[in-house]
Amino acid sequence: MSQTLHLTRPDDWHLHLRDGATLAAVLPHTALQFARAIVMPNLKPPVTTTELAAAYRQRILAALPAGADFEPLMTLYLTDRTEPDEIRRAHASGFIQAVKLYPAGATTNSDAGLTALKHAWPALEVMQELGLVLCIHGEAVDPAIDVFDREKRFIDDQLIPLRTQFPALRVVFEHITTADAADYVREAPGDIAATITAHHLLYNRNALFQGGLRPHYYCLPVLKRESHRQALLAAATSGHPRFFLGTDSAPHARGAKESDCGCAGCYTALHALELYAQAFESAGALDRLEGFASFFGPDFYRLPRNSTQVRLVREPWSIPAQLPMGQDSLIPLAAGTQLDWRFAGVV
Ligand code: NCD
Ligand code: ZN
């Protein structure tokens, strides 16, 4: 049994860094393990312009620990009113790698998202022309649709028609959670890929109710049944280049999670690679981790692969019960449980 794992340094293709004290608390975790990350724009207020993205990027760079080797890849938040010229500015900036589509009301800080996909057609037309990637939170928001069916309904009712309308638009289907999404991404025509989180590889929806209500396992899209988890694990470990790493690490203060209306989001930046290693090893596929974590993301985004390496060692350790976050505390996913692999630095 292998005791050490060397990987080309990975990137995180879906990450929430927030701002202020939260940013300062969480950024060192990501910057240690990952060389780059696609930074989500769902701040309050959202990052809707190139100017706002430039300022946010500067705050991230200023919050980096001394000596860190990390590059934030910025995104724009697509709204009903995003102008085609704003898309051209974003693309010309050189630091914006994608535009994020949130259906209004789908998740945390998505109120400014699209109320109908057709409102974004002028912006999408230009993205298609420029080859700028569209990252999609793929869930239907109609309250009549069961929360466990929202991803599938989004594919059938919105994603397929959208991709018929814009066949050359480059799409990342974010944090997929179902066999339906994995099948769609594997088979669909055109330029499409998907990110998969560690938590959707490791847990099914039972984790939300294990001995009581477990708010730290609540995220959106919500965990699904075991057959879906197995389909995601098969996709991630298949070596298919359309599936790559995106943690969706989403910090919320402890009190905001442990509440009568707890926020959606799991915090995994602290132990991201260890969680993925655990999932891949459970499938006997540790040899496929490097493609998923380090190659297929940059290949899709047309960026160079990283040239340094990271090392993981087989050395069981316990995930801390909590972490400091400004005046608050932050509960990492699977707090208090053991992991078999430990991140041992960049080599
Ligand atoms: C994310 C957040 O907290 O910003 N929450 C989550 O459950 N994943 C938003 C998102 O990516 O849906
Ligand atoms: Zn997210």
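What you see below is based on every heavy atom in this structure, not just the backbone, and it leaves out hydrogens, waters and symmetry mates. Ligands are counted one by one from 1 in listed order, and the atoms in each one are counted from 1 as well.
- Residue Thr107 has at least one heavy-atom neighbour below 4.0 Å for each of these atoms of ligand 1: 5 (N), 9 (C), 10 (C), 12 (O).
- Stacking of Arg36 on the aromatic ring of Phe70 is not recorded, the 6.0 Å distance cut-off and the 45° axial limit not both being met.
- In this structure, Phe244 has its ring center at least 6.0 angstrom away from the ring center of Phe295.
- Numbered from 1 in the order shown, with element, the atoms of ligand 1 that lie under 4.0 Å from a heavy atom of His175 read 11 (O).
- The protein non-hydrogen atom at the shortest distance from atom 5 (N) of ligand 1 is Ala264 O, 3.1 Å.
- Looking from atom 1 (C) of ligand 1 to the surrounding protein, the closest heavy atom is His16 NE2, 3.6 Å.
- Asp248 counts as a contact of ligand 1, since one of its heavy atoms falls under 4.0 Å from the ligand.
- The aromatic ring centroids of His14 and His175 lie less than 6.0 Å from each other.
- Relative to the six-membered ring of Tyr203, Arg214 misses at least one condition, a distance below 6.0 Å or an angle of at most 45° to the axis.
- Rounded to 10°, the angle formed at the Zn ion (ligand 2) by NE2 of His16 and NE2 of His14 is 110°.
- If you number the atoms of ligand 1 from 1 as listed, the ones under 4.0 Å from a heavy atom of Gly265 come out as 5 (N), 6 (C), 7 (O).
- Its N, O or S atom nearest to the Zn ion (ligand 2) is what matters here, and for Asp248 that atom is OD1.
- Under the 3.5 Å distance criterion, with hydrogens and angles disregarded, no donor-acceptor pair is assigned to the side chains of His228 and Asn204.
- In this structure, the protein non-hydrogen atom closest to atom 7 (O) of ligand 1 is Leu220 N, 2.7 Å.
- Residue nearest to atom 3 (O) of ligand 1, selected from Arg18, Glu174, Met40: Arg18 (by heavy-atom distance).
- For an aromatic pair to be called close, the ring centres must be under 6.0 Å apart, and Tyr217 with Phe209 fails this.
- Contacts of Asn109 with ligand 1, taken as heavy-atom pairs under 4.0 Å, are absent altogether.
- Aromatic ring orientation, Phe292 versus Phe280: tilted (interplanar angle from 30° to 60°).
- Residue contact annotation: His175 places no N/O/S atom under 2.8 Å from the Zn ion (ligand 2).
- Side chain to side chain, Lys224 and Thr177 meet the donor-acceptor criterion of an N or O pair below 3.5 Å.
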